[in-house]
*Asks:* 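Encoded as structure tokens, here's the structure I'll be asking about.
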Amino acid sequence: MGSKLATTRSSKLPVKVFLKPLYSQLNTLESCPLGCQGVCRVSQQSELQPSEGNSCPLSLHQAQTFAAVKQGTADIIFNTAATGDGKSLAAYLSSLLNPEFRSLSLYPTIELVTDQEKQIKGDPERQIKGYCQKFGVDGVIRVDTLYGAELARRVEQAKGNKFKELQLSLKQNQIILTNPDIFHLITHFRYHNPAYNRAELPLASLAIFPDLYVADEFHIFGVHQEAAILNSLLLIRHTRSRKRPIKFLFTSATPKQNFISTLRSTGFEVTTVTGNYVSEDIPGFRQILQQVNLEFVQLGQEADSLTWLVEQAETIRKILEKEGKGRGLIILNSVAQVGRAVRKLQEIFPENRIKVLEVSGRIDRQERAKNQQELDSAEQSVLVIGTSAVDVGVDFKIHLLIFETSDSATFIQRLGRLGRHQGFSAYNAFVLLPNRTPWVWARLRDRLTPGEEIDRDRFQDIIAEAFDPPREFEQYRTYWGALQAQGMLFSISQKKDGVMQPLQNRMMNDLRRVYGEQLDKKRGHWCALGKDKETGAAVQQELLRFRGGSDLQAAVWDGSRFYIYDLLRLLPYAEIEIINRDAFLQAARQCDRATTEFDDRYIQVYLKLQRWSDKRFPIGLECDRGTDELKRCTLTLISKLHITGHPQAEVGRCLRQQKLLAFLVSVNRNQPNSHWDISNTLHLSPMFGLYRLRDADDECYACAFNQDALLLEALKWRLKPCEKSKPYIF
């Protein structure tokens, strides 16, 4: 069954299992949650029709979600249906069946926002109808797509401001697709018009107009974002009229139970809608996932995923060409790694036999659409290589999946890309595990029997046990959550008109249920932070951000592509030229990119990429300060940084003028990789930003910045060098 991998210098002997197929229960007209009696309402109002022998085209969870939204008493609804079982339709069904019903949906990536736009409006280039067309709804005038770059473009075009553009969209559109960042900025009073009271729009519009708020794939975020969304939910709940209580739908196959418990503790009524699944074909169920041959690959000590891909190129070729027009997807964690993999595999595979394409944050919508078209219609086999731009919610018709992962939720989502479509003889998946997470490999070997057939529910439990961070990560919520909440409350109390004081009081009563007496204590702590114009102010700023600081962001000119990327994740694989902002924007305009996409406030350096390197540069950090000048095991602002290990000397000065919020832990200077001991002790994700820093006295540290620094501060009691250190906030 499936293809057999050889053990190579880049990996250990893989562990292989067989995942059973998955079938989802369909809705029926008997006791239909939509209230249908004898005739299916969805079939009447749309092109969706039931399959032979069934009475409704919906899965049971889709109908139950509709009922929970329209008739249920719960404030918060979690739809935990399996990946591939139509959670998007469940979210939009109320708006599609009722033209007066409004929804605001939050998606974690811009790519997913634009893909959902196509799913709702349709994709004319690929001749695919969207939900609006199938339900007879005018998607052009009723659906709006809004994210940072698009909002900036509208402001520039209308010569207005973000306040007015947000107000216009919230008032006029039935379905709005946006991201949690804009939602967070509105609820934290970052958009306002000086001509209006700060209690006015767009917060009022955000609280008044939507009938339903939707957060898709929210599990990919951590405890910092969970605390932020909790604060926003409370603000909206107490801003809305009691006659129209909040309705918020989270759609995720892998929700976090601690987050659900926190929501309940603040007084929200929470309900969960789950799909009903079996592993065999029985009446009343439809197949949503095929059987999958799955192999776990532990990469070797010095190997990375690209090394393995090159070594296994012949196996990949055989799997693709066995299907005739084979279709495969590789998902890597790094844009830089994607670029390297695309170039290397294009060299290995003749284009007339296997076409290698990229879908990542590096490419724009036009190139992305072209690559999607190739995937649909190319006569030869196609292998798509991408980042998280393709792993959350995007639907590809593939039979081969190779992917990296960082946690259980990401694992389940990425695996969910495979087996959605019939038409292939076999479905193969390979999971590449980095050597830096040996605990994951050990847990998997303990819990899986090589060669066994396993049902999806049990498999998902095993993945959660193997990949999930330790319970101590919840310490972040205890350490920072109340202070984060006080930051929002403080922004409310700054208004002198008294309009928001009752709102603030109601929110504090709810938040005390979560944080207890700590909430009131943290108000003094927040004020104390504000008096410290250096580190304290930086901590405040980081706590009020949704995704974390932008102190390490670089604007990259990469051929005809223009994008923003983390500087320290880019440099290990790229040779670059440092340019000025004017040269960058001039080139971007020539490629029809709006200059408003590149806000100078959040960009530290402008780069022109000369070429991607085939080998990894040993990037590190040095600081001109001596050991006595650096604070360890506490949050601190660090400056005079120099980037080392890159062949271009001018790169070293990129961070010279920056002051960065950091956390330092002393490590053994005689062992080059001793900073990874911190990762092993805390079981940090491979995506965690941990760097090696050397000071002027030749002492070495593990170093993290911004929100990663906040996490280390909350967990430092588990690190031996920090066992006796005092907490940053008393």
Side-chain angles (χ1 to χ4, degrees), residues 24-37 40-42 45-46 48 55-107 116 120 131 135 174-177 183 207 209-219 229-230 232-234 236-237 240-257 259-277 288 393:
S24 174
Q25 185 174 1
L26 292 165
N27 185 45
T28 66
L29 294 185
E30 298 177 9
S31 303
C32 175
L34 276 71
C36 301
Q37 296 181 350
C40 176
R41 180 180 173 188
V42 173
Q45 290 187 229
S46 76
L48 301 181
S55 57
C56 179
L58 299 178
S59 287
L60 180 60
H61 77 87
Q62 293 170 330
Q64 290 175 335
T65 300
F66 175 90
V69 169
K70 296 287 288 183
Q71 301 138 20
T73 60
D75 308 300
I76 311 289
I77 305 153
F78 280 84
N79 181 310
T80 64
T83 300
D85 198 15
K87 290 189 290 295
S88 293
L89 178 57
Y92 291 111
L93 195 57
S94 298
S95 294
L96 293 168
L97 291 174
N98 178 4
E100 301 301 319
F101 192 90
R102 295 187 176 197
S103 62
L104 175 80
S105 297
L106 315 176
Y107 295 95
Q116 285 295 315
I120 295 170
Y131 290 139
F135 280 80
Q174 180 196 9
I175 298 174
I176 298 175
L177 314 177
F183 182 79
F209 289 109
D211 297 294
L212 175 68
Y213 306 86
V214 181
D216 191 44
E217 314 292 8
F218 197 78
H219 60 267
I229 200 77
L230 171 64
S232 298
L233 290 174
L234 290 173
I236 290 175
R237 174 166 77 175
R240 289 175 71 94
S241 164
R242 292 186 178 181
K243 295 180 180 179
R244 294 181 64 243
I246 188 173
K247 286 284 184 179
F248 206 105
L249 171 65
F250 289 91
T251 56
S252 169
T254 53
K256 298 175 183 176
Q257 293 305 314
F259 180 48
I260 295 176
S261 298
T262 301
L263 290 170
R264 287 194 170 116
S265 69
T266 57
F268 284 113
E269 183 180 345
V270 182
T271 190
T272 301
V273 176
T274 60
N276 190 15
Y277 302 101
I288 59 170

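Computation of the quantities below employed the complete heavy-atom set of this structure, encompassing side-chain atoms and omitting hydrogens, waters and symmetry-equivalent molecules. If you read the sequence from its start, that first residue is 1, and numbering goes on from there.
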*Asks:* Go through the structure and list residues passing side chain to side chain contact (heavy atoms under 4.5 Å, CB included) with L29, not counting sequence neighbours.
*Replies:*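 Applying side chain to side chain contact (heavy atoms under 4.5 Å, CB included) to L29 gives C36, C40, S55.
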*Asks:* For the atom pair CG (L97) and OG (S46), what is the distance rounded to the nearest 0.5 Å?
*Replies:*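 Taking CG in L97 and OG in S46, the distance rounds to 7.5 Å.
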*Asks:* Ignoring hydrogens and geometry, is there a side-chain-to-backbone donor-acceptor pair from Q174 to E100 under 3.5 Å?
*Replies:*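 No; judged by distance alone, with no hydrogens or angles, the pair does not exist.
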*Asks:* Supply the atom-to-atom distance T83 OG1 to I288 CD1, rounded to the nearest 0.5 angstrom.
*Replies:*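 The CD1 atom of I288 is 8.5 Å from OG1 of T83, to the nearest 0.5 Å.
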*Asks:* With no hydrogens and no angle check, is any side-chain donor or acceptor of S241 less than 3.5 Å from a backbone partner on K243?
*Replies:*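 Here the side-chain-to-backbone pair exists.
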*Asks:* Specify the closest pair of heavy atoms between A63 and P33, including all atoms of both residues, with the distance to one decimal.
*Replies:*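 Taking every non-hydrogen atom into account, O-CB, 3.4 Å.
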*Asks:* Report the distance from atom CD of Q257 to atom OG1 of T272, rounding to the nearest 0.5 Å.
*Replies:*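 It comes to 7.0 Å.
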*Asks:* Check for a donor-acceptor pair, side chain of Q45 on one end and backbone N or O of N98 on the other, with a separation under 3.5 Å.
*Replies:*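 Checking the backbone N and O of N98 against the side chain of Q45, no donor-acceptor pair under 3.5 Å is found.
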*Asks:* Do any N or O atoms from the side chain of Y107 and from the backbone of Q116 form a donor-acceptor pair under 3.5 angstrom?
*Replies:*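 Looks like no, no N/O pair under 3.5 Å.
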*Asks:* Whether the side chain of K87 engages the backbone of N79 through a donor-acceptor N/O pair (distance < 3.5 Å, no angle test) should be reported.
*Replies:*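 Judged by distance alone, no pair lies under 3.5 Å.
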*Asks:* Short question: side chain of Q62, backbone of L89 - any donor-acceptor pair under 3.5 Å?
*Replies:*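 No, the answer is negative, given that no donor and acceptor are paired below the 3.5 Å cut-off.
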*Asks:* Which salt bridge (charged side-chain N to carboxylate O under 4.0 Å, His left out) pairs, counting each pair once, include a residue from residues 244-255, with sequence neighbours left out?
*Replies:*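 Residue pairs passing salt bridge (charged side-chain N to carboxylate O under 4.0 Å, His left out), neighbours aside: D211-R244.
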*Asks:* On a heavy-atom basis, which atom in N27 and which in C32 lie closest, and how many Å separate them?
*Replies:*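 Shortest heavy-atom separation between N27 and C32 comes out as ND2-SG, 3.4 Å.
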*Asks:* For V42 and P57, which heavy atoms make the closest approach, and how far apart are they?
*Replies:*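 Closest approach of V42 to P57, heavy atoms only: CG1-CG, 3.9 Å.
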*Asks:* Please name the pair of heavy atoms, one in C56 and one in L26, separated by the smallest distance, quoted to 0.1 Å.
*Replies:*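 C56 and L26 have their closest heavy atoms at O-CD2, 4.4 Å.
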*Asks:* After noting the C-alpha distance and the side-chain angles of L93 and F135, does the key distance pass the side-chain contact (heavy atoms from CB on, under 4.5 Å) rule?
*Replies:* CA-CA 10 Å; L93 195 57; F135 280 80; 3.9 Å; yes
*Asks:* Please assess L106 against Y213 for the test side-chain contact (heavy atoms from CB on, under 4.5 Å), listing each intermediate value before the final yes or no.
*Replies:* CA-CA 8 Å; L106 315 176; Y213 306 86; over 6 Å; no
*Asks:* Would you confirm whether S103, through its side chain, and I175, through its main-chain N or O, come within 3.5 Å as a donor-acceptor pair?
*Replies:*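 Judged by distance alone, no pair lies under 3.5 Å.
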*Asks:* Looking at residues at least two apart in the chain, or sitting in another chain, which of them share a salt bridge (Lys or Arg N to Asp or Glu O under 4.0 Å) with R41?
*Replies:*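 Partners of R41 by the salt bridge (Lys or Arg N to Asp or Glu O under 4.0 Å) criterion come out as none, since no residue qualifies.
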*Asks:* Check F183 against S232 and note the closest heavy-atom contact, atom names and distance.
*Replies:*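 Minimum heavy-atom contact is CE2-CB, 3.6 Å.
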*Asks:* Can you name the nearest heavy-atom pair linking A82 to Y277, along with the distance?
*Replies:*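 Distance-wise, the nearest heavy atoms are N-OH, 2.8 Å.
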*Asks:* Please tabulate, one pair per line, all N/O donor-acceptor pairs under 3.5 Å involving side-chain atoms of residues 68-75, not counting sequence neighbours.
*Replies:*
from: T73; atom 1: OG1; to: E269; atom 2: OE1; distance (Å): 3.3
from: T73; atom 1: OG1; to: E269; atom 2: OE2; distance (Å): 2.7
from: D75; atom 1: OD2; to: E269; atom 2: N; distance (Å): 2.9

*Asks:* Got a second to check how far T251's OG1 is from D216's CG, nearest 0.5 Å?
*Replies:*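 One finds 3.5 Å between OG1 of T251 and CG of D216.
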*Asks:* Calculate, to the nearest 0.5 Å, the distance between atoms CD1 and CD1 belonging to I260 and I76 respectively.
*Replies:*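 Reported to 0.5 Å precision, the distance equals 10.5 Å.
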*Asks:* With F250, which residues qualify under ring pair (Phe, Tyr, Trp, His ring centres under 6.0 Å), at least two apart?
*Replies:*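 F250 satisfies ring pair (Phe, Tyr, Trp, His ring centres under 6.0 Å) with F78, F218, F248, F259 only.
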*Asks:* Would you compute the distance between atom OG of S105 and atom CD1 of I120 and round it to the nearest 0.5 angstrom?
*Replies:*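 Rounded to the nearest 0.5 Å, the OG-CD1 separation comes out at 6.5 Å.
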*Asks:* Run the side chain to side chain contact (heavy atoms under 4.5 Å, CB included) test against L234 and tell me which residues pass, sequence neighbours left out.
*Replies:*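 Listed in chain order: L230, R237, T266, F268, M507, D510, L511.
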